[in-house]
Amino acid sequence: MEHTLSFMPEERAEIERLKSLYPHPKAALMPVLWMAQKKWGWLSEDVMRVVADVMQLPYAHVLGVARFYTMYFKKPMGKYHIQVCTNVSCMLRGGEELYERLCQKLGISHGEHTPDGRYSIEEVECMGACGGAPMIAINEDFYENVTFEDVQRILETLP
Amino acid sequence: MNYTVPHLVLPKIERLHELDVYLANGGYQAYRKVLELSPEQVIEEVKRSGLRGRGGACFPTGLKWSFMPKGSDKPKYLAVNGDESEPGSFKDRQIFEFNPHQLIEGILIAGYAMGITKAFIYIRGEYHKWIRLMERALADAYARGLVGPKMTETFGGSYWLDIVVHKGAGAYICGEETALMSSLEGDRGYPRFKPPFPAQKGLWGMPTTINNVETLATVPAIITLGAERYASIGAAGHPGTLLYGLSGHINKPGIYELPTDTLLVDLIYKYGGGIPGGKKVKAVIPGGSSMPPLRGDEIDGVVMNNEDLKKYGTYIGTAGIIVMDEDTDIPRVLLRITRFYHHESCGQCTPCREGCGWMEKILRRIVDGDATTEDLDLLMSVAGQIEGNTICALGDAAAWPVQGFLRKFWDEFAARVKPRRTFVPLNVVHGRRATRATLLPS
């Protein structure tokens, strides 16, 4: 099938390496989805079809896996994806208020992004940072023991 | 390694995460010691140490290892469970960050004991940074020939194994061992029926053992100290040390490695620095959100291990302790916990998929003040019908906190509900019993 998107030769080599790590190449699907998300920002139908092709798997299987895991984006997210934990430990320490105030400040709610595409926000389940509650994560970085003011400051310092 | 009790999994040594520091402190010596024993003797040693799994179920580790078929020429796999998604748990993260080589050494020992061909460390996707740390440690170990085919040169003998780090993508259910296997194979993280147990038919249909990160990181300490010495630490029924996680309303939250005979009040007041504002404790969840809670007035004398907690109708789980002060709104906490399980239910089993949603709705009504006394009974009934009726333990994990909180804080829930619902009078026509008769074929 012809795609407008495609992996570069060195990425294809990486995919082959990933496949060789497992006794069955299908197991490389999750790492390859991670690669695709890093490259294209989110998993559109086109992206998932490219992944299905390189993985030699049915598109339906790729879609099923991508939709099962919350960290694979099924729609475009902001440049800075803000994840606010509101699970028990964070909730007890003001995680819910933090989330609501951030939504208000940015004018968006769960799973949405700002019109300029700079920020998106997500209310997430426990991130495994209960000792640093309340916590947020921006893209891949954790910020623990934060107040609303701290988060404002962090957002301002982002490039 | 020169271990000083109770710092067995997280020894207090600066920069221990670096391979050179780990080696300088006697790292990878436990594995060398193991090579002098036969695999059966290693399993026997772990059995005698009384080590129990740290993932929540407290299954005896040595016994689990002994289930792996011996002398089979099939490949055998080890899945290292670092999915760590139970709210209140953040212990494995410390191992990835501060002592990754002890985990790798534990994997080598387990691998030798069971004849493992390949080990997979499954780490939750949110732990980007810790995955990178673990991968770096693993790359260092590979470069020195401590892992991989070069092991035969480094350590002698013929045994070697490969270790692969696998990144999850945000699904609580993948911490369940059979769901973890599905996820590793490139499928949705659906739990599977047991039997067949993983030791017979696991990853790719081959014999597989799944161990928690903390469990494996404990093994080198057991080998170094000897089984008898390790078994003498902490409580007899559940020996050793645990990485207790303190969070919630506590002055000094964090991970504390302590023997299993530690008192809960010591954890809260001596190590955790007490409750902010000098408030009283209303409730404590002893081992992650799926464990039934303890009331603030019953925490005196509670010893934090699985056997002692059973007396209070709860379990140690992952030792993630969540403390709640006297001002905590218990129904709201329970609503939040139940919302979590509803979100994380994989959807395979009807009791869990639907039941968690119902429980969330009923709890929402209770919190909003729209519920009646019957709703409390209904909630108990739904929880009771989820428990034990699902493929995996997520159903139980969702039901236990509901049952536990209702039992222990019934008054608080009862105060939030109206005595009974006022019904609109039945429509005369539709209420007529005869209506049904006309619908049946004559």
Side-chain angles (χ1 to χ4, degrees), chain A residues 18-35 37-38 43 55 57 61-73 83 85-96 122-135 137 139-142 144-145, chain B residues 75 77 84-93 117-118 120 124-130 132 162 164 166-174 183-190 203-204 206 245-249 253-255 285 289 320 322-325 328 332-333 336-337 339-340 343-344 346:
Chain A
L18 288 169
K19 284 184 187 172
S20 73
L21 292 177
Y22 303 91
H24 193 289
K26 189 175 88 175
L29 178 55
M30 285 181 72
V32 173
L33 282 173
W34 274 118
M35 266 179 78
Q37 175 153 313
K38 200 147 213 167
L43 304 177
M55 292 301 295
L57 288 169
H61 181 79
V62 177
L63 177 69
V65 169
R67 291 194 60 174
F68 186 84
Y69 299 94
T70 52
M71 291 182 75
Y72 294 131
F73 300 145
Q83 302 139 73
C85 175
T86 60
N87 211 304
V88 195
S89 298
C90 285
M91 167 198 170
L92 292 170
R93 288 185 164 253
E96 288 183 330
E122 189 183 1
E123 181 183 13
V124 292
E125 297 298 353
C126 188
M127 303 271 280
C130 314
M135 69 81 66
N139 296 342
E140 298 190 352
D141 301 314
F142 281 26
E144 304 185 19
N145 277 315
Chain B
Y77 300 113
E84 178 155 84
S85 322
E86 178 85 359
S89 312
F90 48 108
K91 62 187 178 68
D92 297 343
R93 195 181 112 172
T117 330
K118 203 160 200 175
F120 298 92
R124 64 178 305 182
E126 289 86 346
Y127 280 2
H128 306 276
K129 176 185 156 190
W130 293 274
R132 285 194 291 268
D162 271 322
V164 175
H166 187 92
K167 183 180 189 175
Y172 169 77
I173 190 63
C174 293
S183 181
L184 249 176
E185 291 177 8
D187 290 323
R188 281 176 269 187
Y190 280 162
L203 283 166
W204 300 283
M206 299 301 162
L246 279 174
S247 67
H249 295 137
I255 293 288
I285 299 175
S289 65
I322 306 174
V323 185
M324 291 167 236
D325 73 17
T328 309
R332 263 192 69 199
V333 169
R336 187 64 190 86
I337 293 175
R339 213 180 102 199
F340 169 71
H343 180 259
E344 299 296 344
C346 80

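Each chain gets a letter, A, B and so on, in the order the sequences are listed, and its residues count up from 1. Heavy-atom basis, side chains included; hydrogens, waters and symmetry copies ignored.
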*Determine, step by step, whether Phe142(A) and Trp130(B) satisfy the ring pair (Phe, Tyr, Trp, His ring centres under 6.0 Å) criterion, reporting the C-alpha distance in whole Å, the side-chain angles of both residues, the deciding distance to 0.1 Å, and the verdict.*
CA-CA 11 Å; Phe142(A) 281 26; Trp130(B) 293 274; 5.0 Å; yes
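Heavy-atom pairs under 4.5 Å with chain A were tallied for Arg339(B), Met324(B), Glu84(B); the largest tally goes to Arg339(B). Between chain B and the residues Ser89(A), Ala133(A), Gly64(A), Pro23(A), the most heavy-atom pairs under 4.5 angstrom are made by Pro23(A). Contact count against chain B (heavy-atom pairs under 4.5 Å) is highest for Gly128(A) among Gly128(A), Gly132(A), Pro31(A). The candidate with the highest count of non-hydrogen atom pairs below 4.5 Å against chain A, out of Lys91(B), Glu344(B), His249(B), Met206(B), is His249(B). Interface check for chain A: of the options Leu246(B), Asp187(B), Val333(B), Leu184(B), the most heavy-atom pairs under 4.5 Å are formed by Asp187(B). The greatest number of non-hydrogen atom pairs below 4.5 Å with chain A, out of Ser85(B), Ser183(B), Gly320(B), is found for Ser183(B). The candidate from Gly125(B), Gly168(B), Ser89(B), Gly189(B) with the greatest count of non-hydrogen atom pairs under 4.5 Å with chain A is Gly189(B). Considering only heavy-atom pairs separated by less than 4.5 Å from chain A, the leading option among Cys174(B), Gly88(B), Ala169(B), Pro253(B) is Ala169(B). Counting heavy-atom pairs closer than 4.5 Å to chain B, the top-ranked of the candidates Val124(A), Val88(A), Leu33(A) is Val88(A). Ranked by heavy-atom pairs under 4.5 Å with chain B, the first of Thr70(A), Leu57(A), Leu29(A), Asp141(A) is Thr70(A).
Judged by the 6.0 Å distance and 45° axis criteria, Arg93(B) is not positioned over the aromatic ring of Phe90(B).
Contact annotation: the side chain of Phe68(A) approaches that of Cys346(B) to within less than 4.5 Å [non-hydrogen atoms, C-beta and beyond]. Using a 4.5 Å heavy-atom cutoff, the side chains of Leu203(B) and Glu185(B) are in contact.
Just one of Glu125(A), Glu123(A), Glu96(A) meets the side-chain hydrogen bond (donor to acceptor under 3.5 Å, both in side chains) condition when paired with Thr86(A); it is Glu123(A).
If you measure heavy-atom distances from His24(A) to chain B, the contacts under 4.5 Å come from both the backbone and the side chain. Residue Arg124(B) touches chain A through its side chain alone, counting heavy-atom pairs closer than 4.5 Å. Residue contact with chain B, scored on non-hydrogen atoms closer than 4.5 Å, involves the backbone and the side chain of Ala129(A) alike. Within the 4.5 angstrom heavy-atom criterion, atoms from both the backbone and the side chain of Leu92(A) approach chain B. If you measure heavy-atom distances from Met91(A) to chain B, the contacts under 4.5 Å come from the side chain alone. Looking at Val62(A), there are no atoms closer than 4.5 Å to chain B (heavy atoms on both sides), in backbone or side chain.
Interatomic distance, OH of Tyr69(A) versus CZ of Arg188(B), reported as 9.5 Å (0.5 Å rounding).
Partners of Tyr172(B) according to the ring-ring contact (aromatic ring centres under 6.0 Å, His included) rule, which considers only residues two or more places apart in sequence or in another chain, are Phe340(B), Tyr341(B). For His166(B), the ring-ring contact (aromatic ring centres under 6.0 Å, His included) test picks out Tyr22(A), Tyr122(B), with sequence neighbours left out.
In the displayed structure, Arg67(A) atom CZ is contacted under 6.0 Å by at most 12 heavy atoms of other residues, nucleotides or ligands.
In this structure, Gln83(A) contributes its side chain and Asn139(A) its backbone to a donor-acceptor pair below 3.5 Å.
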